[in-house]
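Notes to accompany the following structure.
The chains referred to below are lettered A, B, ... by the order of the sequence lines, with proteins before strands, and numbering in each begins at 1.
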Amino acid sequence: MVNRIMTRQIKYSDLEKLFGLLKKDKPEEFSDFDLSKAKGDEKELLAQFSQISRRLGCETDDEIRELLKSRGIVFDEEIFSKVRVSEFPQFNRPIQEIVLGADSKNGGTRKKTWTIGGETTMPYFFNAPMKNINRVTMDVFDMPIGLAKSVRSNYEDVLDDPAAWAKKAVNEFGADMITIHLVSTDPAIKDTSAKEAAKTVEEILQAVSVPIVIGGSGNPEKDPEVLEKAAEAAEGERVVIASANLNMDYKRVGEAARKYGHVILSWTQMDINAQKELNRKLFRQCGIEKDGLIMDPTTAALGYGLDYAYSNMERIRMAGLSGDSELAYPLSSGTTNAWGAREAWMIHSPQEQDSDWGDREYRGPIWEIITGMTLSLAGNDLFMMMHPRAVLFLKEFTSILANTSAVEEKSDYDAWLTGVY
Amino acid sequence: MAKQISPLTIYPFLPEECELLFGMGKMAVATQLAGRKIKVRDIREIYEKLPPEFIEKYEKLADLLSPAIREIEIGVGDKKVIVGGDDVMFRHTLSFYNKPPIAIDVWDTMTDAELKERVKEIASFQKFYVGAYLYLDMVAVRSVSLNPETFQKTVEKVIEKTNLPLILCTKDPLVMRAGLEAAKNQNPLMYACDFSNREEMTALALEFDVPVVLSAAGNLEELKSLSAALQKDGVTKIVLDPGTAAYGPEFQKTFQNFVKLRKAGMDGDKDLAFPLIALPIAARAGSKREASCKTLPSDIIEDYYETIAASSLTVRYADLMILHGLKGHELLPIVHVTDMIYTDPRTPSSVEPKMYMVGNPDAESPVLFTTNFALTYYTVESDLESAGISGYLLAVNTGGLGVEAAVAGGQLTADVILKEFEKAQFSFKDTAYQTLVLPGLAARLQSGIEKAGMNAIVGPMDSGRLAKWLEENWPPKRK
């Protein structure tokens with residue numbers, strides 16, 4: 001009976017109906033046949049049906065056998081079998097979803113808000129779609145600072161004006177978010193007052209309508225005061241306060257974030273245990289809510305410890321997915337650190353024996369891209385970045401990898417083999 | 001998941017005289033083998049010298065310790081590469097083994113001069129990195145002409161110029177035969193056997209006894225059946241090619257196919273437990289795309305695509321790769337990514353915190369410090385050494401953090417530095433200039449150090465500029 005059906009005139013819809021019937025009768029035996037994948041592919045359909053017919057105990061006739069052979073299918077019962085890939089049962093807990101920014105309905109003034117987190121498997125794996133795509137927040141500084149030439153050339157006209165800088169990053173370079181780094185508050189730099197710094201934050205909030213991250217100067221004595229004032233100035237906007245770490249009065253920073261309705265960035269230095277400890281302290285001592293914490297376990301540049309940063313991040317993400325409730329939060333990366341690598345900005349190699357390093361105008365951005373891409377594969381959700389071209393390519397590839405819509409197959413996979421390029 | 005072998009399982013297969021044969025106790029050998037710190041093939045010689053029953057024990061041990069993913073050798077001599085051999089899905093649970101070799105393509109319609117130049121570029125590429133060099137590993141020869149004679153001559157010419165292992169790239173069995181004739185005894189990798197040429201390519205792989213790539217682009221079922229079919233015919237040296245789309249929406253499928261194949265192999269599918277080949281070179285051909293970047297020349301966009309695909313697939317399970325680009329902005333990131341992902345994560349990331357002498361320092365020599373993060377320390381040390389500078393270099397204990405992170409996180413402060421100099425019993429008073437050179441990234445510590453009564457000057461942001469900087473700033477001007 002099945003053999004009769006397997007002629008070339010049969011319509012796909014008929015096959016589907018038949019398949020449905022078969023599936024109902026013997027659900028287990030046929031559970032691994034999925035005809036939807038074979039749609040439009042005659043070869044695949046024939047293979048599937050010859051298999052079904054054999055399972056039903058029908059011999060496949062010579063005509064079909066020949067046809068299959070001519071289409072390159074190895075016709076051998078033992079050989080032609082389905083690829084079975086088991087899933088990852090150890091991943092049994094989703095990563096917390098975090099909303100960044102608040103719109104007018106939620107007490108803020110942001111026109112755009114983003115949700116990050118929510119993953120249930122490792123990034124871009126086949127067994128579950130990526131719930132929310134990665135986001136990029138671009139760096140803005142509250143005073144002109146030293147930048148690699150190739151980065152600087154993009155911001156030459158706005159270095160003195162943080163608000164204009166932020167606008168440019170959003171409007172011209174496609175930034176999802178803006179990070180305002182209040183570096184001038186460092187007593188060793190300009191010692192700008194917390195009050196002045198809060199004004200800068202207000203200016204940024206007025207200049208752009210995307211969610212923002214507020215960063216301190218990195219001075220552990222001054223940052224708590226600065227971030228507290230900044231959090232107050234941004235009340236209700238659900239910004240990210242960057243950051244609390246174990247080396248400072250994290251309690252004051254954490255409490256400010258909670259009090260004014262923000263998300264806290266929990267920053268540790270490549271140490272999964274320290275990350276657990278700080279997260280726990282922020283939850284317990286500062287009353288941070290579960291939907292109010294993101295982790296930055298530190299990013300090192302490619303060639304300068306990215307392997308440690310990568311594995312540390314991967315361990316944290318896997319622990320979170322496997323049920324460690326203290327680590328099941330979205331991850332953030334200071335991808336801009338890639339520019340600390342000499343390979344990103346030097347004209348030539350300082351090592352005479354090195355082969356030519358090529359044009360740094362192209363080398364710098366790709367250093368930032370690869371540093372970020374690598375961490376995206378470890379589980380990073382939010383990227384703090386600097387070079388517009390790096391942002392563009394990182395977004396292009398992470399969107400492709402996270403894409404949940406079906407893609408039509410049209411690649412000519414062999415074109416490289418005989419092409420001249 | 002991959003099998004985890006306990007040292008206790010290995011123990012019974014070891015000889016009693018471990019102390020004598022290996023220089024360590026029996027349990028220590030078992031532990032080292034289980035952690036793959038000693039490779040089982042490296043102890044074969046020792047077993048061969050033991051009584052005959054040990055050969056059987058060796059075979060059992062080898063079987064027990066064989067990695068989930070098969071190891072395949074390509075090439076001969078000291079440039080030979082081994083691909084595959086992985087046992088885990090995530091590097092931190094053990095380590096990834098056998099760094100993926102990078103093959104660069106040449107093709108058979110190049111002029112002699114072009115071919116010579118390109119092979120030379122491939123074979124001579126090197127990038128210095130913490131005390132050693134990173135290199136390119138293989139040459140992939142593509143037949144564009146599809147003419148057996150032309151291909152044969154090209155392969156001959158390549159072999160004349162380099163002893164790097166080869167990948168012979170053509171799907172035409174006649175052309176492949178010509179290439180294999182030219183590369184006799186070179187153990188090249190055949191690319192590729194697919195459903196249309198399966199019988200001929202199987203025969204060639206067996207006749208020349210060389211490894212072969214099985215290719216079924218975008219179709220894992222087909223790839224599995226191919227593998228089963230070839231194994232049935234006696235082929236054992238197999239590499240799998242699930243097809244690479246290096247850009248555009250289909251890159252997602254490529255990425256997921258690599259993950260699926262590695263997972264299936266780890267789960268024990270014998271047809272799929274082979275090394276995987278990635279083809280980022282596919283970024284060079286195929287239908288032209290809509291790049292999101294409009295301002296870059298198209299060849300640079302291709303370089304970027306190729307680099308991103310190669311790096312992503314290195315992280316997720318490619319065991320070897322064919323690339324086209326030879327520019328610094330492409331090769332530098334790629335050689336670093338393959339190196340770092342395949343570094344054993346169990347290797348300590350720090351050096352002993354103490355005072356190191358670089359060259360032969362005297363009282364006039366500069367006094368510097370950096371952190372005890374291994375990468376940071378070795379970078380500074382090699383920058384000084386390669387510039388022929390002698391000096392004192394203190395590795396400050398920051399718990400293995402780099403300068404920038406340690407300054408930010410408070411592990412590197414003026415206090416810490418002063419205490420570490422004290423601990424090292426280094427006497428500034430006995431140096432001619434009594435001045436400490438700070439890393440540029442630790443500039444903000446200058447005032448703290450000076451408050452303690454010491455002279456401190458801020459050096460360059462990158463130790464690669466130390467040589468030039470010292471020329472201009474050392475000896476320091478008296479204050």
Side-chain angles (χ1 to χ4, degrees), chain A residues 72 74 79-80 82-83 85-86 124-126 188 218 220 247 269 298 300 302-308 311 314-315 340 342-343 346 350-351 353-359 362-363 366-367 369-370 373-374 377 389 392-393 396-397 400-401 403 407 409 411-413 415-421, chain B residues 90-92 125-128 142 144 169 195-196 217-218 220-221 224-225 228-229 243 245 249-252 255-256 259-260 263-264 267 281-282 284-286 292-293 300 304 307-308 311-312 315 327-329 332-333 336 340 343 345 349 375 383 386 401-402 404-405 408-410 444 462 464:
Chain A
V74 180
I79 284 176
F80 197 87
K82 195 88 182 165
V83 173
V85 188
S86 67
Y124 323 124
F125 272 27
F126 58 88
N247 242 301
Q269 279 142 332
T298 296
L302 172 60
Y304 297 84
L306 179 60
D307 38 345
Y308 301 108
S311 275
E314 190 170 73
R315 283 180 69 194
R342 62 176 60 164
E343 286 82 351
M346 274 193 187
Q351 301 281 342
Q353 278 79 30
D354 270 3
S355 298
D356 182 24
W357 276 16
D359 188 342
Y362 299 132
R363 203 190 327 120
I366 193 84
W367 217 262
I369 296 170
I370 298 302
M373 270 311 291
T374 306
L377 301 176
R389 196 186 304 148
L392 210 56
F393 277 88
E396 180 176 339
F397 271 78
I400 286 169
L401 286 169
N403 181 27
V407 172
E409 187 106 13
S411 209
D412 177 4
Y413 283 100
W416 68 273
L417 195 54
T418 50
V420 175
Y421 33 81
Chain B
F90 302 101
R91 73 185 276 274
H92 65 81
F125 175 86
Q126 56 180 19
K127 164 71 171 68
F128 188 79
R142 296 188 292 124
V144 171
C169 305
F195 263 116
S196 62
L220 300 186
E221 271 77 24
K224 179 171 161 64
S225 2
E250 289 146 293
F251 179 65
Q252 185 198 38
F255 179 88
Q256 295 191 344
V259 177
K260 282 183 188 171
K263 185 74 168 77
D267 286 346
I281 190 173
R284 305 291 163 176
S292 27
C293 190
I300 303 292
Y304 273 32
T307 308
I308 297 169
S311 306
S312 308
V315 176
K327 300 213 184 74
H329 63 251
L332 258 53
H336 273 289
M340 73 155 198
T343 300
S349 63
L375 296 172
D383 283 336
S386 73
L401 289 173
E404 198 171 16
R444 68 155 67 146
D462 188 298

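- For the pair D462(B)/M346(A), a side-chain contact is recorded, criterion being any heavy-atom separation below 4.5 Å from C-beta on.
- Contact of F255(B) with chain A is made through the side chain alone, with heavy-atom distances under 4.5 Å.
- Atom CD of residue E396(A) and atom OH of residue Y304(B) lie 12.5 Å apart, to the nearest 0.5 angstrom.
- At distances below 3.5 Å, not a single donor-acceptor pair connects side-chain atoms of Q126(B) with backbone N or O atoms of S355(A).
- Considering OH of Y304(A) and CE of M340(B), their distance stands at 13.5 Å, rounded to 0.5 Å.
- Contacts of I369(A) with chain B are made by side-chain atoms alone, with heavy-atom separations under 4.5 Å and no backbone atom involved.
- Shortest non-hydrogen contact noted between G419(A) and V144(B) is O-CG2, 3.8 Å.
- In this structure, the portions of T307(B) lying under 4.5 Å from any heavy atom of chain A include both its backbone and its side chain.
- Neither the backbone nor the side chain of K327(B) comes within contact range of chain A; no heavy atom of the residue lies under 4.5 Å from a heavy atom of that chain.
- Residues M373(A) and S311(B) form no side-chain contact, since every pair of their non-hydrogen atoms from C-beta on lies 4.5 Å or further apart.
- In terms of non-hydrogen atom pairs under 4.5 Å with chain B, the most contact-rich of G218(A), A188(A), G303(A) is G303(A).
- Interface remark: L220(B) contributes backbone and side-chain atoms alike to the contact with chain A (heavy atom separation under 4.5 Å).
- The two atoms that bring Q252(B) and N403(A) nearest to each other are NE2-O, 2.6 Å, heavy atoms only.
- In plain terms, the two heavy atoms of P350(A) and G464(B) that are nearest each other are CB-O, 3.5 Å.
- Within the 4.5 angstrom heavy-atom criterion, only side-chain atoms of W367(A), from C-beta onward, approach chain B.
- Between chain B and the options Q351(A), R363(A), Q353(A), heavy-atom pairs under 4.5 Å are most frequent for Q351(A).
- Note on P345(B), S312(B), G410(B), G409(B): by heavy-atom pairs under 4.5 Å with chain A, the leading option is G409(B).
- Side-chain contact check for Y124(A) versus V259(B): every heavy-atom pair is 4.5 Å or farther apart.
- Among all heavy-atom pairs drawn from G218(B) and Y413(A), the shortest one is CA-OH, 4.1 Å.
- A distance of 13.5 Å separates NE2 of H92(B) from CG of D307(A), quoted to the nearest 0.5 Å.
- Between R342(A) and D383(B), at least one side-chain N (NZ, or NE/NH1/NH2) sits under 4.0 Å from a carboxylate O, which counts as a salt bridge.
- Of the possible polar contacts, none joining the R142(B) side chain to the V420(A) backbone as a donor-acceptor pair under 3.5 Å is found.
- Interface residue E343(A): only side-chain heavy atoms are found under 4.5 Å from chain B.
- Contact of I300(B) with chain A is made through the side chain alone, with heavy-atom distances under 4.5 Å.
- Within the 4.5 angstrom heavy-atom criterion, only side-chain atoms of I370(A), from C-beta onward, approach chain B.
- Side chain of Q269(A) to backbone of L401(B): no donor-acceptor contact under 3.5 angstrom is found.
- Heavy-atom neighbours of Q256(B) CD from other residues, nucleotides or ligands within 6.0 Å: above the threshold of 12.
- Atom CG of residue D356(A) and atom CG of residue L332(B) lie 9.5 Å apart, to the nearest 0.5 angstrom.
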Worked check of side-chain hydrogen bond (donor to acceptor under 3.5 Å, both in side chains) between R91(B) and S311(A)
CA-CA 7 Å; R91(B) 73 185 276 274; S311(A) 275; 2.6 Å; yes
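- Ranked by heavy-atom pairs under 4.5 Å with chain B, the first of W357(A), Y421(A), F126(A), F397(A) is Y421(A).
- In this structure, L302(A) and H336(B) approach most closely via the heavy-atom pair CD1-CB, 3.7 Å.
- Of the two parts of L377(A), the backbone and the side chain both hold a non-hydrogen atom closer than 4.5 Å to a non-hydrogen atom of chain B.
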